[in-house]
Trainee: 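Quick one: the structure is below, questions incoming.
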Amino acid sequence: MTSSSQQRFDNLINGEWVPGASYAPNINPSDVSDVLGEYAQADVAQVEAAVAAARAAFPKWSVSGIQARADALDKIGTEILARRDELGRLLAREEGKVLPEAIGEVVRAGNIFKFFAGECLRLSGEILPSVRPGIGVEVTREPIGVVGMITPWNFPIAIPSWKIAPALAYGCCVVLKPADLVPGCAWALADIIHRSGIPAGVFNLVMGRGSLVGNAIVTNPQVDAISFTGSVGVGRQIAQTAVGLGKKVQLEMGGKNPQVILDDADLNLAVELSANSGFFSTGQRCTASSRLIVTEGIHDKFIAALAERTKKLKVGAALAAGTDIGPVVSQAQLDQDMSYVTLGQEEGGKIVAGGSLVEYETKGFFMAPTLLTETTSAMRINREEVFGPVVSVIRVKDYEEALAVANDTPFGLSAGIATTSLKYATHFKRHSQVGMVMVNLPTAGVDYHVPFGGRKGSSYGPREQGRYAAEFFTVVKTAYTLA
Ligand SMILES: NC(=O)C1=CN([C@@H]2O[C@H](COP(=O)(O)OP(=O)(O)OC[C@H]3O[C@@H](n4cnc5c(N)ncnc54)[C@H](OP(=O)(O)O)[C@@H]3O)[C@@H](O)[C@H]2O)C=CC1
Ligand SMILES: O=C(O)CCC(=O)C(=O)O
């Protein structure tokens with residue numbers, strides 16, 4: 001960091017803070033007159049320097065002691081948790097997540113580092129007998145190498161953390177490019193990692209645009225693997241390039257997650273979890289439920305109650321006490337959200353709550369949480385990811401139709417069912433074509449110590465998080481020894 005009239009935040013390359021080729025302002029979506037600082041924009045030469053530093057650090061770090069790695073990760077987790085309020089305010093200010101959710105995300109990031117500190121001590125392999133007498137077989141895991149990480153804006157500290165922590169735990173070196181809209185949390189995290197005792201070059205931060213900085217990481221031959229979270233279009237493009245260059249790839253992309261509400265559901269619970277899934281975090285979660293699939297016996301009373309609940313949600317600045325729904329992250333995302341509200345109506349949907357921008361005391365990207373009824377599965381509003389506080393409702397006859405509609409999507413990240421029937425809950429858990437399924441819980445809001453990821457168009461490559469993260473960050477070696 002250097003000081004000027006507006007505070008400047010630099011890239012971290014080979015253990016040094018390096019000024020950017022240029023700088024860009026980090027703007028508060030709750031109040032566009034509030035600039036958090038000027039953040040470095042790397043050029044291609046800086047990306048190459050960061051990758052070279054990671055490459056050079058890898059041989060030593062890949063065989064470093066597990067106690068030293070565990071201690072460093074634990075120290076990082078401890079500092080994040082100790083600074084939860086301050087980092088939560090930073091997150092709320094730069095991304096627009098309301099303060100309690102922002103603090104929750106920071107706590108999650110701290111816990112992820114603590115979890116992977118423990119994982120350093122639980123690395124294991126297998127010893128197997130050979131089919132040939134007198135030979136021993138060992139199966140072990142080794143770090144994959146230099147990992148390029150490209151992260152989105154919607155979880156500015158948790159997503160980088162759940163990529164960085166396992167990478168470091170398993171002995172990989174890292175080059176992180178955070179989303180250009182939210183460099184503040186990534187910079188704060190880099191600063192904490194930098195001071196944790198991890199050797200220079202093991203972790204590098206290069207900020208800037210995806211088309212330049214992200215692309216330079218993806219195409220660099222010294223990068224062994226790419227872990228990406230973001231949109232389907234960019235994810236597929238990255239995969240094509242990276243796989244073509246022989247890199248290992250992990251993609252977490254969009255969702256069009258269904259929330260099924262059956263006639264026998266607990267009405268209040270169904271309303272609460274639908275409001276949470278659809279509107280909390282301003283609907284900007286890949287696990288958000290943007291499709292409510294409701295059986296006809298409960299449909300009208302459920303919609304009436306959910307519309308009432310939606311209208312009571314308070315839209316406002318992320319840091320203001322009592323705000324339920326913060327701003328949309330940017331003008332471009334707001335335009336996209338509002339265009340889907342218009343499209344949903346043009347396709348025949350009826351607005352029963354929201355549908356408009358919200359005037360607020362500060363100039364930000366505020367819109368009312370919006371509920372559209374009378375939609376069908378074939379409509380674009382039910383097929384494309386909106387990524388905002390927009391939820392559409394599909395009326396169905398019974399459970400069988402609900403399941404068919406839930407699965408009628410190119411995505412497969414998460415799905416939920418609200419029911420008191422063990423039979424339907426059990427059937428849904430087995431037959432829902434997703435990576436994560438919830439019974440009487442919101443589709444969003446997951447644990448940090450278990451696998452995260454989807455099927456179909458939502459994900460590609462090994463799962464993230466929990467001990468399943470080892471699949472991506474390590475490569476298996478089989479050793480034969482003549483006794
Ligand atoms: N599944 C999820 O968790 C998320 C899904 N999305 C979906 O994506 C839509 C658009 O959001 P957006 O943030 O623009 O998502 P993107 O997929 O464009 O961005 C995700 C990350 O990829 C980077 N990137 C963009 N283009 C390239 C490229 N050519 N090569 C390498 N890296 C690149 C971005 O950089 P930069 O910051 O410069 O754009 C960012 O760091 C949303 O409306 C939503 O539908 C968005 C965020 C998260
Ligand atoms: O639902 C969650 O807790 C996580 C969501 C997420 O990771 C995302 O939206 O990218």
Side-chain angles (χ1 to χ4, degrees), residues 24 26 39 41-42 47 95 97 101 104-105 107-109 112 148-163 175-183 186 205-220 223 226-242 249 251-257 276-278 280-290 328-330 332-337 339-340 384-388 390 411 413-414 416 435-436 438 441-448 450-454 457-460 464-465:
N26 182 0
Y39 285 77
Q41 302 270 297
V47 174
E95 195 264 352
K97 205 165 271 172
E101 288 181 341
E105 185 184 331
V107 169
R108 180 169 170 175
I112 288 167
M149 299 177 178
I150 299 173
T151 54
W153 45 261
N154 63 330
F155 279 81
I157 195 162
I159 292 180
S161 296
W162 78 53
K163 295 184 192 294
V175 177
L176 169 70
K177 191 218 89 70
D180 208 30
L181 283 171
V182 291
L205 172 75
V206 278
M207 297 176 281
R209 293 315 311 261
S211 49
L212 191 142
V213 178
N215 187 56
I217 294 172
V218 173
T219 52
N220 190 306
V223 173
I226 300 288
S227 182
F228 167 86
T229 302
S231 63
V232 175
V234 173
R236 292 215 169 129
Q237 187 193 325
I238 285 176
Q240 229 169 19
T241 308
V249 176
L251 309 174
E252 289 302 339
M253 302 174 288
K256 197 70 200 170
N257 310 301
N276 178 323
S277 289
F280 286 15
S281 301
T282 321
Q284 298 176 149
R285 296 184 282 192
C286 56
T287 45
S289 173
S290 51
V328 170
V329 74
S330 65
Q333 188 65 49
L334 183 64
D335 293 345
Q336 174 171 311
D337 297 350
S339 76
Y340 274 106
E384 297 170 16
E385 188 174 45
V386 178
F387 223 65
V390 181
F411 295 104
L413 189 58
S414 65
M436 297 173 291
M438 320 289 184
L441 285 166
T443 55
V446 297
D447 284 3
Y448 63 85
V450 291
F452 177 91
S458 290
S459 300
Y460 177 86
E464 297 198 84
Q465 304 197 53

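Order of listing sets the numbers, starting from 1, for every ligand and every atom in it. For reference, positions follow the sequence shown, starting with 1.
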Trainee: Give the atom numbers and elements of ligand 1 that come within less than 4.0 Å of a heavy atom of Phe228.
Mentor: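 Taking each heavy atom of Phe228 in turn, ligand 1 has 17 (O), 20 (C), 21 (C), 22 (O) under 4.0 Å.
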Trainee: Counting non-hydrogen protein atoms only, what is the nearest one to atom 35 (O) of ligand 1? Give residue, atom name and distance.
Mentor: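 Of the protein heavy atoms, Lys177 NZ, 3.1 Å lies nearest.
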Trainee: Using the six-membered ring of Phe155, assess whether NZ or CZ of Lys97 lies under 6.0 Å from its centre and within 45 degrees of the ring axis.
Mentor: yes
Trainee: Please report whether ligand 2 has a polar contact with Ile159, defined as an N or O pair separated by less than 3.5 Å (distance criterion only).
Mentor: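 It does not: no N or O of Ile159 is found under 3.5 Å from an N or O of ligand 2.
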Trainee: What's the shortest distance from atom 18 (O) of ligand 1 to any protein heavy atom, and which residue and atom give it?
Mentor: Val234 CG2, 3.6 Å
Trainee: If you measure from atom 6 (N) of ligand 1 to every heavy atom of Phe155, Trp153, Phe387, Phe411, which option wins on shortest distance?
Mentor: Phe387
Trainee: Mind checking what makes salt bridge (Lys or Arg N to Asp or Glu O under 4.0 Å) contact with Glu464, not counting sequence neighbours?
Mentor: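 Per chain and number, Glu464 pairs via salt bridge (Lys or Arg N to Asp or Glu O under 4.0 Å) with Lys163.
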Trainee: Which protein non-hydrogen atom lies closest to atom 17 (O) of ligand 1, naming both residue and atom, and how far is it?
Mentor: Ser231 OG, 2.6 Å
Trainee: Any N or O of Gln284 that comes nearer than 3.5 Å to an N or O of ligand 2?
Mentor: no
Trainee: Of the side chain and backbone of Thr151, name the one, both, or neither that has a heavy atom under 4.0 Å from an atom of ligand 1.
Mentor: backbone
Trainee: In ligand 1, which numbered atoms sit nearer than 4.0 Å to a non-hydrogen atom of Glu385?
Mentor: 7 (C), 44 (C), 45 (O)
Trainee: Considering distance alone, does some N or O of Trp162 sit under 3.5 Å from an N or O of ligand 2?
Mentor: no
Trainee: Tell me: protein heavy atom nearest atom 1 (N) of ligand 1, and distance?
Mentor: Met253 O, 2.6 Å
Trainee: For ligand 1, does Arg285 get within less than 4.0 Å through its side chain, its backbone, both, or neither, judged by non-hydrogen atoms?
Mentor: neither
Trainee: Examine the proximity of ligand 1 to Asn154 and report which part, side chain or backbone, both or neither, has a heavy atom under 4.0 Å away.
Mentor: side chain
Trainee: If we set the cut-off at 4.0 Å for heavy atoms, which region of Gln333 has an atom near ligand 1: side chain, backbone, both, or neither?
Mentor: side chain
Trainee: Among all the protein's non-hydrogen atoms, which is closest to atom 8 (C) of ligand 2, and how far away is it?
Mentor: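 Nearest protein contact, heavy atoms only, for atom 8 (C) of ligand 2 is Cys286 SG, 2.8 Å.
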Trainee: Judging by distance only, is a nitrogen or oxygen of Phe155 under 3.5 angstrom from one on ligand 2?
Mentor: no
Trainee: Measure from atom 3 (O) of ligand 1 to the protein's non-hydrogen atoms and state whether any distance is below 4.0 Å.
Mentor: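 Given the 4.0 Å cut-off, atom 3 (O) of ligand 1 counts as touching protein heavy atoms.
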Trainee: Would you mind finding which of Pro152, Ala288, Ser211 brings a heavy atom closest to atom 47 (C) of ligand 1?
Mentor: Pro152
Trainee: What are the atoms of ligand 2, with element, lying closer than 4.0 Å to any heavy atom of Val446?
Mentor: 2 (C), 3 (O)
Trainee: Where is the nearest protein heavy atom to atom 23 (C) of ligand 1: which residue, which atom, and how far?
Mentor: Ile150 CG2, 3.6 Å
Trainee: Do Ala444 and ligand 2 have an N or O pair less than 3.5 Å apart?
Mentor: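 No - when backbone and side-chain N and O of Ala444 are compared with those of ligand 2, no distance drops under 3.5 Å.
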Trainee: Please report whether ligand 2 has a polar contact with Arg285, defined as an N or O pair separated by less than 3.5 Å (distance criterion only).
Mentor: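 For ligand 2, there is no N or O atom that lies under 3.5 Å from one belonging to Arg285.
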